[in-house]
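Side chains included, hydrogens not; waters and symmetry mates left out as well; all remaining heavy atoms used. A, B, ... follow the sequence lines: proteins, then strands. Residue 1 opens every chain. A quick note: this is a predicted structure, and the numbers were derived from the prediction, not measured.
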Amino acid sequence: RKEVEQDPGPFNVPEGATVAFNCTYSNSASQSFFWYRQDCRKEPKLLMSVYSSGNEDGRFTAQLNRASQYISLLIRDSKLSDSATYLCVVTTQSGTYKYIFGTGTRLKVLA
Amino acid sequence: EAQVTQNPRYLITVTGKKLTVTCSQNMNHEYMSWYRQDPGLGLRQIYYSMNVEVTDKGDVPEGYKVSRKEKRNFPLILESPSPNQTSLYFCASSPFLGTQYFGPGTRLTVL
């Protein structure tokens, strides 16, 4: 089983739609959680950190459920420019100090 | 401007010819790491460093070496590259297990 799992998509949605991605992680000792955005073969860029209480940044909302070991990302009012791959990232701090990436969920927003 | 730089951006080489990919950051981050990204496999951590002279293996360290003699630099060395090391490589830096900032990537082809 992969340490971090995401549905690869693609999710094809019309402009203005609301779309949600989930990500599950297997290590209950995971410490920090992030969503990154990656445009085609470019470097990943931070979209948002994910906090236990949930957090929002404009049209983006992230949630963390430690009990069920998943994090989610909700995008409201999708824009064409939201088309990208969204990477779920968790950190581990149990003997090693690593970042574990999911393989990403691809989003296409259609006009 | 805060940034992570990598060089070269593109490299085509032949099997067995030693090469070094440089990585430098100007944010005074303690933590630096190298990733490779392959289709369907996502980003996988090769090596990481928590500070000067402190390095550790990630998930796919075979065939790679790193060094951290200065805080800002973290070169990746392929002593004897093989075709299965053809990939897109990213360097990243961060405060310890915080938000990572990525370099622009190095596309390596080993013939």
Side-chain angles (χ1 to χ4, degrees), chain A residues 1-10 21 23-27 29-52 55 57 60 62 64 71 84-107, chain B residues 2-7 9-10 21 23 25 27 29-51 54-61 66 68 74 86-109:
Chain A
R1 183 187 170 190
K2 291 182 183 175
E3 289 189 76
V4 176
E5 293 203 68
Q6 296 181 251
D7 182 340
F21 308 137
C23 166
T24 59
Y25 60 95
S26 60
N27 187 342
S30 296
Q31 295 285 315
S32 305
F33 307 87
F34 307 91
W35 282 104
Y36 278 75
R37 171 195 168 123
Q38 185 176 28
D39 294 290
C40 187
R41 302 295 271 176
K42 293 192 174 179
E43 73 270 26
K45 293 185 178 178
L46 178 72
L47 181 66
M48 55 199 307
S49 302
V50 187
Y51 305 115
S52 297
N55 47 301
D57 183 2
F60 300 86
L64 167 63
I71 67 175
T85 297
Y86 291 84
L87 305 172
C88 169
V89 187
V90 307
T91 64
T92 65
Q93 198 172 344
S94 49
T96 61
Y97 302 89
K98 298 192 294 187
Y99 292 79
I100 311 294
F101 283 72
T103 53
T105 297
R106 196 163 161 215
L107 172 66
Chain B
Q3 61 181 350
V4 178
T5 57
Q6 290 179 232
N7 282 293
R9 296 287 312 279
Y10 303 90
V21 185
C23 173
Q25 52 100 358
M27 294 169 278
H29 288 156
E30 298 88 3
Y31 191 102
M32 296 185 74
S33 59
W34 276 102
Y35 297 88
R36 61 178 289 173
Q37 187 172 31
D38 303 289
L41 297 177
L43 278 118
R44 294 178 292 166
Q45 199 167 25
I46 302 170
Y47 269 94
Y48 64 92
S49 168
M50 291 192 288
N51 216 323
V54 180
T55 63
D56 208 345
K57 295 177 181 178
D59 294 319
V60 288
V66 292
R68 187 97 182 269
F74 190 45
T86 293
S87 189
L88 176 58
Y89 291 86
F90 290 105
C91 179
S93 76
S94 66
F96 182 64
L97 295 183
T99 300
Q100 286 201 298
Y101 296 85
F102 285 82
T106 296
R107 292 183 189 275
L108 173 65
T109 301

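- If you take CG on B:Leu43 and CG on A:Leu87, they are separated by 6.5 Å, rounding to the nearest 0.5 Å.
- Residue with the most contacts toward chain A among B:Ser33, B:Ala92, B:Pro104, B:Gly105: B:Pro104 (heavy-atom pairs, distance under 4.5 Å).
- Judged by distance alone, the side chain of B:Gln45 and the main-chain N or O of A:Ile100 form no donor-acceptor pair under 3.5 Å.
- Once rounded to the nearest 0.5 Å, the distance linking OH of A:Tyr99 with CG of B:Asp59 reads 14.0 Å.
- For the atom pair OG1 (B:Thr99) and NZ (A:Lys45), the distance works out to 14.5 Å, reported to the nearest 0.5 Å.
- In this structure, A:Arg41 CZ and B:Leu88 CG are separated by 5.0 Å, a value rounded to the nearest 0.5 Å.
- For chain B, the nearby parts of A:Lys98 are the backbone and the side chain; heavy atoms of each come within less than 4.5 Å.
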Trace of the ring pair (Phe, Tyr, Trp, His ring centres under 6.0 Å) decision for A:Tyr97 with B:Phe96 | CA-CA 9 Å; A:Tyr97 302 89; B:Phe96 182 64; 5.3 Å; yes
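- Within the 4.5 angstrom heavy-atom criterion, no atom of A:Thr85 approaches chain B.
- Atom CZ of B:Arg44 has more than 12 neighbouring heavy atoms from other residues, nucleotides or ligands inside a 6.0 Å radius.
- Here the closest heavy-atom approach between residue B:Phe102 and residue A:Glu43 is recorded as CB-CB, 3.8 Å.
- The part of B:Leu41 that comes within reach of chain A is its backbone (N, CA, C, O), which places non-hydrogen atoms under 4.5 angstrom from that chain.
- A donor-acceptor pair under 3.5 Å is formed between the side chain of A:Tyr36 and the backbone N or O of B:Gln100.
- Heavy atoms closer than 4.5 Å to chain B are found in the side chain of A:Gln38, but not in its backbone.
- Side-chain rings of A:Phe101 and B:Tyr35 approach one another, their centers coming within less than 6.0 Å.
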